[in-house]
Amino acid sequence: MTFKRLAEYLQRLEETTLRNKITEILAELYKETNGEEIGMICQLLQGRVAPLYEAIEFGVADKMMIRAIGQGLNVEITDVAALFRKTGDLGITVESIKNQPSGIKYKERNTITEVYEVLFRLATSGGEGSQEEKIKLMGELIKDLDPLSCRYVVRIPIGRLRLGFSDMTVLDSLSWMIKGTKELRPTIEKAYNVRPDISFISSTLKEKGIKGLAQVKPQVGTPILMARAERMTNGADIIEKIGKCAIEPKYDGFRVQGHKRGNKVELFSRNLENVTLMYPDIVKGIIKQVKANEAIIEGEAVAFNPNTGEYLPFQETVQRKRKYNIEAYAREIPLKLFAFELLYRDGISYLGKPFEERRSELEKIVAKGDTILVSQEEVVGDAKRLEEIFQDAVSRGLEGVMAKKLDGIYRAGSRDFNWIKYKRSYAGKLADTIDCVVLGYDYGQGKRTGFGIGDFLIGVYDDKDEKFQTVAKIGTGLTDEEWKKIKLRSDKLKVKNKPENYDVDKMMECDVWITPLIVVEIRADEITRSPVHTAGRVMKPSISGKAFDVEVAGLALRFPRLERFRDDKKPMEVTTLKELKKLYEMQGKK
DNA sequence: TCTGTCTGCCCC
DNA sequence: ATTCTGC
DNA sequence: GCAGAATGGGCAGACAGA
């Protein structure tokens, strides 16, 4: 099949919003392919050339792609960038440049296989000169392909296909290919969950039918898609939703799935990256403490201070995700793994077993020790007790709690109400919000292109320096109508250059600057120290004297979102730097 | 060798 | 991560 | 309620160029 033919299908799919219709079109597309092509297509639809657990990344995003388009079509990079700002989509950008009459001929006979192979080479190119190599390969593709194919070939590496469907719909469509209905989706999904390789799944289905997936079972060394939690804002709702449930503390670390066979252990991150070499302390802990020949367990890894025993904030924990200096960091900030799931043990899959059974089996196979701790748990039947546990968790400095449905299965890869998270920041306390003023905004991408705005920069006021200093950009919490409204209001306040009394890091520069008159109430989970936001930041000359380094980090908001507009407030009434600093200091002691 | 820019289905 | 929206 | 697509702060690593 030619790539052009695929592109024509993708165009049809992009224009369709009805998911059932999308499912049908995909099935129709598959019918024109062979077993090899369907694998490549499904893989490319994920924006990859290999499954997530293979460490093959494109290493190409917006900036590199702009250069590749410039090189491939012999246009100035600044022109490409300008058109991208306008269109909000690099695919549309390349297509529209290509559609301008140029006299340059392009081939229409490139096969999917040929394109896939170039993308694969691009992804596996590394080392000195590799950026030039990637740009050359991408540029040649763009030069060779027709305009419509260019739209999609450019969107694949940057991971923004924007077709309105993703993995779950692909699984539906594979069912549709075989049966003409979605009835095989659960079977296909079950296989995909434990072997998240869409190329393998789709090729196998095409060549062997649904029977081909019968032997796909959890396997030590192949990561299982991780379950996610839905959110709720109080204990009563949780009890009403799932009844009696198990409550666990929610730690602020990162997910780890540990696979053990004998004395060999492999670790995977939430996005299935193999992180075994990064966390030797957890590997040793599992070998020592997990009493099963084969097991797959899951938990949250959190760093702690070995001298005080205190758990560390996320910003320190995440420093353990590294490739170099691993042993030194492991000594300085060792990890503990709070294990909360058993997914597999000695030939038996626990995925379909109720939570209570997984939990009791987990407790049996994890021996007491220093590194792996079975997560605390209390079974609760009433909202009052749930709130008590929640309050206790919050006062211990934790993020909140997780509630797990007692008879719920492990829903790999999906987010549903078998797991519910209840976080401090959801509990709607006024103390968790601050008032800020809008300083500028950026043009949006994709769906937001039409609004002319995608996010806005906010700041607090430092009455000492008499300057507005930044704390976050806001890209969520507004309805489509509110985006349109704030764009209109902002444009009336537009100024040519950044106002003198704005203190903004280069990283946070906006497309459009406005007079500081719009006041917004912002919710966030916490205040963190920031290298790029300027609230309270102090700089010093760099060693060479040619630049500036951060002497004292600024303050920023973690998970910022709009709570509401505060048209009743004047800009000079927003939170001051002094107040923000006080809030930052207060969150440390609880 | 140092520094800045860019990237990551990054981590959250 | 959070949030909004079409189905 | 699911699935998808907008968007956030901030970390280490990989290159390129000075």
Side-chain angles (χ1 to χ4, degrees), chain A residues 17-22 46-48 50-52 55 57-64 67 88 126-132 134 157-169 172 228 230-231 252-255 269-273 275 278 300-301 313-325 329 399 414-417 421 423 425-426 442 444-449 451 453-456 458 471-483 506-508 522-533 542-544 546-547 549 553 555-562:
Chain A
T17 59
L18 300 163
R19 264 221 299 281
N20 288 336
K21 187 74 193 163
I22 289 173
Q46 285 189 330
R48 296 184 60 89
L52 277 166
E57 323 289 343
F58 284 110
V60 172
D62 292 1
K63 306 287 176 176
M64 290 272 283
R67 288 170 63 194
E128 199 181 322
S130 61
Q131 290 194 1
E132 277 312 309
K134 283 169 198 272
I158 54 181
R160 289 181 183 280
L161 235 12
R162 289 197 256 246
L163 299 172
F165 69 89
S166 189
D167 290 9
M168 292 304 130
T169 310
D172 274 339
R228 295 186 232 182
E230 272 294 351
R231 289 167 293 201
D252 192 9
F254 52 82
R255 268 305 251 295
S269 72
R270 201 186 84 171
N271 284 314
L272 311 189
E273 184 188 356
V275 291
M278 296 181 185
E300 187 84 357
F314 179 75
Q315 270 173 299
E316 289 179 65
T317 296
V318 80
Q319 292 176 27
R320 285 294 312 273
K321 189 183 187 317
R322 56 172 48 250
K323 191 172 168 184
Y324 305 107
N325 280 323
Y329 270 78
E399 278 193 300
S414 47
R415 182 194 299 283
D416 69 14
F417 287 91
K421 62 178 149 182
K423 286 173 70 170
S425 66
Y426 305 157
D442 293 316
Q445 299 191 26
K447 180 181 174 14
R448 301 257 175 101
T449 308
F451 304 158
I453 181 172
D455 63 70
F456 53 89
I458 57 160
V471 290
K473 274 184 173 174
I474 306 296
T476 192
L478 289 82
T479 62
D480 289 1
E481 288 310 308
E482 286 174 318
W483 281 114
K506 203 169 153 198
M507 289 287 295
M508 287 293 140
I522 301 299
R523 179 172 295 279
D525 275 27
E526 62 176 333
I527 301 164
T528 58
R529 295 241 78 122
S530 166
V532 293
H533 282 290
S542 67
I543 299 162
S544 66
K546 283 181 213 157
D549 291 338
L555 297 176
L557 306 179
R558 188 180 186 201
F559 310 145
R561 60 265 198 192
L562 180 92

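Lettering follows sequence order; numbering is per chain, from 1. What's counted below: heavy atoms across the whole structure, side chains too, no hydrogens, waters or symmetry copies. Just so we're clear, the structure is a prediction, and the values are computed from it rather than from any experiment.
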Which residue lies more 5' along DNA chain D, comparing Gln445(A) with Leu555(A) via nearest heavy atoms |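 The residue mapped nearer the 5' terminus is Gln445(A).
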
First of Gly164(A) and Glu230(A) reached from the 5' end of DNA chain D, by closest nucleotide =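 Result: Glu230(A).
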
Side-chain N or O of [X] closer than 4.0 Å to phosphate OP1/OP2 of [N]:
X	N	result
Thr317(A)	dC11(B)	no
Lys321(A)	dG10(D)	no
Asn271(A)	dC11(B)	yes
Arg322(A)	dC11(B)	no
Thr528(A)	dG10(D)	yes
Thr17(A)	dG6(C)	no
Ser414(A)	dA3(D)	no
Tyr329(A)	dC11(D)	no
Lys447(A)	dG4(D)	no
Gln315(A)	dC11(D)	yes

For dC7(C), what is the paired nucleotide under Watson-Crick or G-U wobble rules, both distances under 3.5 Å?
->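 Looking at the geometry, dC7(C) pairs with dG1(D).
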
Could you tell me which nucleotide pairs with dG10(D) by Watson-Crick or G-U wobble geometry, both distances under 3.5 Å, or answer none if nothing does?
->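 Per the H-bond distance test, dC10(B).
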
Under the 3.5 Å rule, do the base of dT2(C) and the side chain of Thr476(A) count as making a donor-acceptor pair?
->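 Under the 3.5 Å cut-off, the side chain and the base do form a donor-acceptor pair.
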
Which is true for [X] with a 4.0 Å heavy-atom rule: it touches a base, it touches only sugar-phosphate, or it touches nothing?
X	answer
Gly47(A)	nothing
Leu272(A)	nothing
Lys21(A)	nothing
Leu562(A)	nothing
Ala547(A)	sugar-phosphate
Arg67(A)	nothing
Gly159(A)	nothing
Arg558(A)	sugar-phosphate

Measure from the side chain of [X], starting at C-beta and using heavy atoms only, and say which of [options] lies closest.
X	options	result
Phe314(A)	dC6(B), dC7(C), dC12(B)	dC12(B)
Lys63(A)	dT7(D), dC6(B), dG1(D)	dC6(B)
Asp252(A)	dA3(D), dC12(B), dT2(C)	dC12(B)
Met64(A)	dG13(D), dC12(B), dT7(B)	dT7(B)
Ser530(A)	dA12(D), dG10(D), dT7(B)	dG10(D)
Arg255(A)	dC11(D), dG8(D), dC12(B)	dC12(B)
Asp480(A)	dA12(D), dT5(C), dG9(D)	dT5(C)
Arg270(A)	dA3(D), dC15(D), dC12(B)	dC12(B)
Lys473(A)	dG1(D), dG9(D), dT7(B)	dG9(D)
Val275(A)	dG4(D), dC11(B), dG9(D)	dC11(B)

Is any side-chain heavy atom of [X] less than 4.5 Å from a side-chain heavy atom of [Y]?
X	Y	value
Glu526(A)	Glu399(A)	no
Met64(A)	Phe58(A)	no
Arg228(A)	Arg270(A)	yes

Please report, rounded to the nearest Å, how far the [atom2] atom of [N] is from the [atom1] atom of [X].
X	N	atom1	atom2	answer
Lys323(A)	dA12(D)	NZ	C1'	11 Å
Arg561(A)	dT7(D)	CZ	P	18 Å
Phe559(A)	dG8(D)	CZ	P	14 Å
Asp167(A)	dG4(D)	CG	P	7 Å
Lys134(A)	dC15(D)	NZ	P	8 Å
Gln131(A)	dT7(B)	CD	P	8 Å
Phe456(A)	dA6(D)	CZ	C1'	14 Å
Glu300(A)	dC11(B)	CD	P	12 Å

Calculate, to the nearest 0.5 Å, the distance between atoms CD1 and CG belonging to Ile522(A) and Leu562(A) respectively.
->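 Answer for the CD1-CG pair, Ile522(A) versus Leu562(A), is 5.0 Å.
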
Straight-line distance of Lys473(A) NZ to His533(A) NE2, nearest 0.5 Å =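 Between Lys473(A) NZ and His533(A) NE2, I get 8.0 Å after rounding to 0.5 Å.
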
When you compare [N] with [M], how far apart are their [atom1] atoms, in angstrom units rounded to a whole number?
N	M	atom1	answer
dT7(D)	dT7(B)	P	16 Å
dG6(C)	dC6(B)	C1'	35 Å
dG8(B)	dA1(C)	C1'	15 Å

Give a yes or no on whether the backbone of [Y] and the side-chain of [X] come within a donor-acceptor separation of less than 3.5 Å.
X	Y	value
Gln315(A)	Arg529(A)	yes
Arg19(A)	Thr169(A)	no
Arg48(A)	Ala50(A)	yes

Worked check of side chain to side chain contact (heavy atoms under 4.5 Å, CB included) between Met278(A) and Lys323(A) | CA-CA 6 Å; Met278(A) 296 181 185; Lys323(A) 191 172 168 184; 5.7 Å; no

